[in-house]
Trainee: 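Sharing a structure below in structure tokens format, with a few things to ask.
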Amino acid sequence: MPRLPDLRCVLTVVRLRPALTAPAAVLLVLLALIGAAAPAARAADAATTRAALAREFRPAGTLSGAYARDLETGKVLVAVREDRPRIPASIEKLFVTAAALLRYGPAGELATRAVSAAEIDADGTLAGDLWLVGGGDPGLDEADLRCLARAVRAAGVRRVEGRVVADDTFFDRRRGGPRTNYAPDYDLGGRLGALVIKRGFQSSPATYAAQRFAAHLRAAGIDVPKTVRTGAAPAGAAELGSVASSPVGDLIRQTNVPSDNFIADMLLKALGATYGEAGTTVAGARVVRDTLDDFGVRPRIADGSGLSRANRASPRQVVRLLERMETQDVAATWRASLAVAGRTGTVRRRMRGTAAQGRCRVKTGTIRAVSNLAGVCTTRSGRKVGFAWLMQGISFYGAHRIQDRMTALVARYDG
């Protein structure tokens with residue numbers, strides 16, 4: 001079921017640009033002529049690219065690894081400690097989002113439901129409790145709860161004789177990841193849970209969600225008790241309404257482009273709950289490993305966000321994942337989930353004015369003493385090259401400088 005829009009007034013503001021003054025117009029013409037006259041960076045063959053990549057990577061040090069491969073011909077352009085596992089940081093999100101996309105599909109959704117085991121009397125009285133059942137939607141908000149309340153009213157309910165009950169049992173109640181021994185983690189950007197709104201920044205996220213749902217029920221004209229509670233919905237309870245998350249194709253883009261830790265770890269638990277034994281980080285990690293094992297990709301998965309330093313992946317494993325995702329039916333959705341060099345997300349200010357700008361879709365990874373960049377470039381000659389630069393023990397400035405130069409070299413490759 002698609003996410004239903006809230007009924008609200010949407011205003012579109014049109015701002016007219018002032019006419020250019022004569023000096024400004026002349027300046028624009030001169031800039032255009034200068035740009036046209038500037039020579040483009042020359043394309044480079046495999047031997048030239050190999051030599052340049054090896055030279056650029058040398059200052060990264062022995063704690064770093066690199067791998068780049070022409071995904072069409074199989075030519076390796078650089079391979080330095082390519083099989084040695086490194087801390088991936090947010091490169092970890094690639095493994096989790098790939099598994100989510102492959103398992104759920106681009107149109108897959110996480111549903112939040114209103115259910116009850118009680119009958120609705122002729123006068124609209126629900127003779128029992130009304131459960132709000134969380135499905136792990138990381139973007140659940142007030143508009144969704146308002147929509148769900150209206151759906152309950154449309155089902156014929158005018159009064160709830162029992163209470164509104166929050167069911168967050170789809171996930172465990174560990175609010176953080178392994179880095180903090182599963183306690184809440186500020187860097188996660190939220191508190192994990194199957195039923196959270198506003199990213200769960202409350203002492204009891206499920207209770208808060210139920211309280212807000214009760215308020216929306218009252219606003220919809222349904223009489224409900226003032227107090228709420230938590231508990232599991234009975235098996236076989238009838239559904240009175242549901243609201244869906246954004247499609248998984250959108251969720252993975254919302255994860256990868258800005259590198260959102262909260263959504264990544266929510267997706268990991270959802271994978272465990274839907275396709276594994278339980279809605280836990282450990283169960284989700286097992287699902288990711290099982291999913292990617294078919295690709296011959298076997299990273300160590302400790303969490304979804306990459307905040308944990310227990311995660312491990314080699315440069316070759318990362319490129320192998322990128323290569324295999326390019327051949328899947330969901331390849332277009334996958335590519336759209338990655339940031340564009342020099343334009344969007346965590347690399348919007350990087351690689352501007354280079355051959356990589358607009359040609360390379362990438363994922364960054366940064367935690368203390370770790371700086372990584374991986375992705376796929378469509379070169380000027382139309383080739384696709386997968387790469388992974390995984391660096392440790394080097395300053396962020398130094399790492400970015402090397403990564404950006406190497407990525408630009410990849411974008412100039414011409415076979």
Side-chain angles (χ1 to χ4, degrees), residues 41-42 44 48-69 76-94 179 187 256-261 299 305-319 321-322 338-377 379 385-413:
R42 288 177 297 177
T48 302
T49 302
R50 287 192 187 102
L53 287 172
R55 183 175 61 251
E56 290 291 347
F57 190 70
R58 204 166 293 125
T62 59
L63 297 180
S64 302
Y67 188 67
R69 186 169 181 265
V76 175
L77 302 180
V78 66
V80 181
R81 293 177 287 275
E82 70 275 15
D83 291 317
R84 189 171 300 172
R86 305 283 175 189
I87 299 172
S90 284
I91 298 294
E92 182 82 354
K93 294 181 176 73
L94 293 178
R179 184 180 83 148
D187 289 333
N256 287 332
V257 172
S259 200
D260 193 298
N261 295 326
S305 60
L307 288 172
S308 173
R309 302 183 79 85
N311 295 304
R312 289 291 186 276
S314 71
R316 191 195 296 269
Q317 286 174 329
V318 175
V319 172
L321 172 72
L322 295 167
L338 303 178
V340 180
R343 292 184 180 173
T344 65
T346 55
V347 288
R348 64 189 179 278
R349 293 189 178 92
R350 293 175 61 179
M351 293 168 275
R352 287 181 175 177
T354 73
Q357 181 175 351
R359 295 185 177 276
C360 302
R361 288 190 173 270
V362 303
K363 181 74 196 74
T364 56
T366 306
I367 56 176
R368 179 173 52 85
V370 175
S371 179
N372 303 323
L373 184 71
V376 175
C377 292
T379 70
V385 179
F387 67 89
W389 324 132
L390 307 188
M391 301 181 180
Q392 293 174 226
I394 182 173
S395 72
F396 293 149
Y397 173 79
H400 286 185
R401 183 179 176 85
I402 294 170
Q403 291 161 5
D404 294 356
R405 286 182 173 183
M406 291 180 70
T407 305
L409 286 169
V410 165
R412 289 169 52 194
Y413 167 68

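Here the structure is a predicted model, which is why all the values come from computation and not from measurement.
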Trainee: Would Trp389 and Val78 count as a side chain to side chain contact (heavy atoms under 4.5 Å, CB included) if you check the C-alpha gap in whole Å, the side-chain angles of each, and the deciding distance to 0.1 Å?
Mentor: CA-CA 10 Å; Trp389 324 132; Val78 66; 3.6 Å; yes
Trainee: Would you say the side-chain atoms of Ser90 and Ser259 include a donor-acceptor pair closer than 3.5 Å?
Mentor: yes
Trainee: Would the distance check show the side chain of Arg359 and the main-chain N or O of Ala356 forming a donor-acceptor pair, the cut-off being under 3.5 Å?
Mentor: no
Trainee: Can you give me the closest heavy-atom contact between His400 and Ser371, atom names plus distance?
Mentor: CD2-OG, 3.5 Å
Trainee: Which heavy atom of Met406 sits nearest to which heavy atom of Phe57, and what is that distance?
Mentor: SD-CD1, 3.6 Å
Trainee: Compare every heavy atom of Arg50 with every heavy atom of Val76, then report the nearest pair and how far apart it is.
Mentor: O-NE, 2.8 Å
Trainee: Heavy-atom distance under 4.5 Å between the side chains of Ile402 and Ile394, does that happen here?
Mentor: yes
Trainee: Determine the minimum heavy-atom distance between Leu322 and Phe387, stating which atoms define it.
Mentor: CD1-O, 3.9 Å
Trainee: Roughly how far, to the nearest 0.5 Å, is CZ of Arg55 from CG of Leu409?
Mentor: 7.5 Å
Trainee: With rounding to the nearest 0.5 angstrom, report the CZ to CZ distance, Arg361 to Arg343.
Mentor: 9.5 Å
Trainee: Exactly one of Val385, Thr49, Val376 should register a side-chain contact (heavy atoms from CB on, under 4.5 Å) with Val410. Which one does?
Mentor: Val385
Trainee: Could you tell me whether the side chain of Arg412 and the main chain of Thr354 form a donor-acceptor pair under 3.5 Å?
Mentor: no
Trainee: Under 3.5 Å, is there a donor-acceptor pair between the side chain of Gln357 and the main chain of Gly353?
Mentor: yes
Trainee: Looking only at atom types and distance, does a side-chain atom of Asn372 sit under 3.5 Å from a main-chain N or O of Ile87, one as donor and one as acceptor?
Mentor: yes
Trainee: Going from CE on Met391 to OG1 on Thr366, what distance comes out if it is rounded to the nearest 0.5 angstrom?
Mentor: 11.5 Å
Trainee: Checking Val347 against Lys363 for the side chain to side chain contact (heavy atoms under 4.5 Å, CB included) test, could you report, in this order, the C-alpha distance in whole Å, the side-chain angles of both residues, the deciding distance, and whether it holds?
Mentor: CA-CA 8 Å; Val347 288; Lys363 181 74 196 74; over 6 Å; no
Trainee: Checking the side chain of Asn256 only, and the main-chain atoms of Leu338 only, is there a donor and an acceptor separated by less than 3.5 Å?
Mentor: no
Trainee: Please find the pair of heavy atoms, one from Val370 and one from Arg309, that lie closest to each other, and give the distance.
Mentor: CG2-NH2, 3.9 Å
Trainee: Between the main-chain N or O of Val80 and the side-chain N or O of Arg84, is there a donor-acceptor pair closer than 3.5 Å?
Mentor: no
Trainee: Check whether Arg81 reaches the backbone of Thr62 with its side chain - one donor and one acceptor, N or O, closer than 3.5 Å.
Mentor: yes
Trainee: Of the non-hydrogen atoms in Thr364 and Thr346, which two are nearest, and what is the gap between them?
Mentor: OG1-OG1, 2.8 Å
Trainee: Surrounding CZ of Arg401 (heavy atoms of other residues, nucleotides or ligands, distance under 6.0 Å), is the total greater than 12?
Mentor: no
Trainee: For the atom pair CD (Glu92) and OG (Ser305), what is the distance rounded to the nearest 0.5 Å?
Mentor: 8.0 Å
Trainee: What do the steps show when you test Met351 against Leu373 for side chain to side chain contact (heavy atoms under 4.5 Å, CB included), and what is the final call?
Mentor: CA-CA 12 Å; Met351 293 168 275; Leu373 184 71; 4.2 Å; yes
Trainee: Report the distance from atom CG of Asp404 to atom CD of Glu56, rounding to the nearest 0.5 Å.
Mentor: 10.5 Å
Trainee: To the closest 0.5 Å, what do you measure between OH (Tyr67) and CG (Asp83)?
Mentor: 8.0 Å
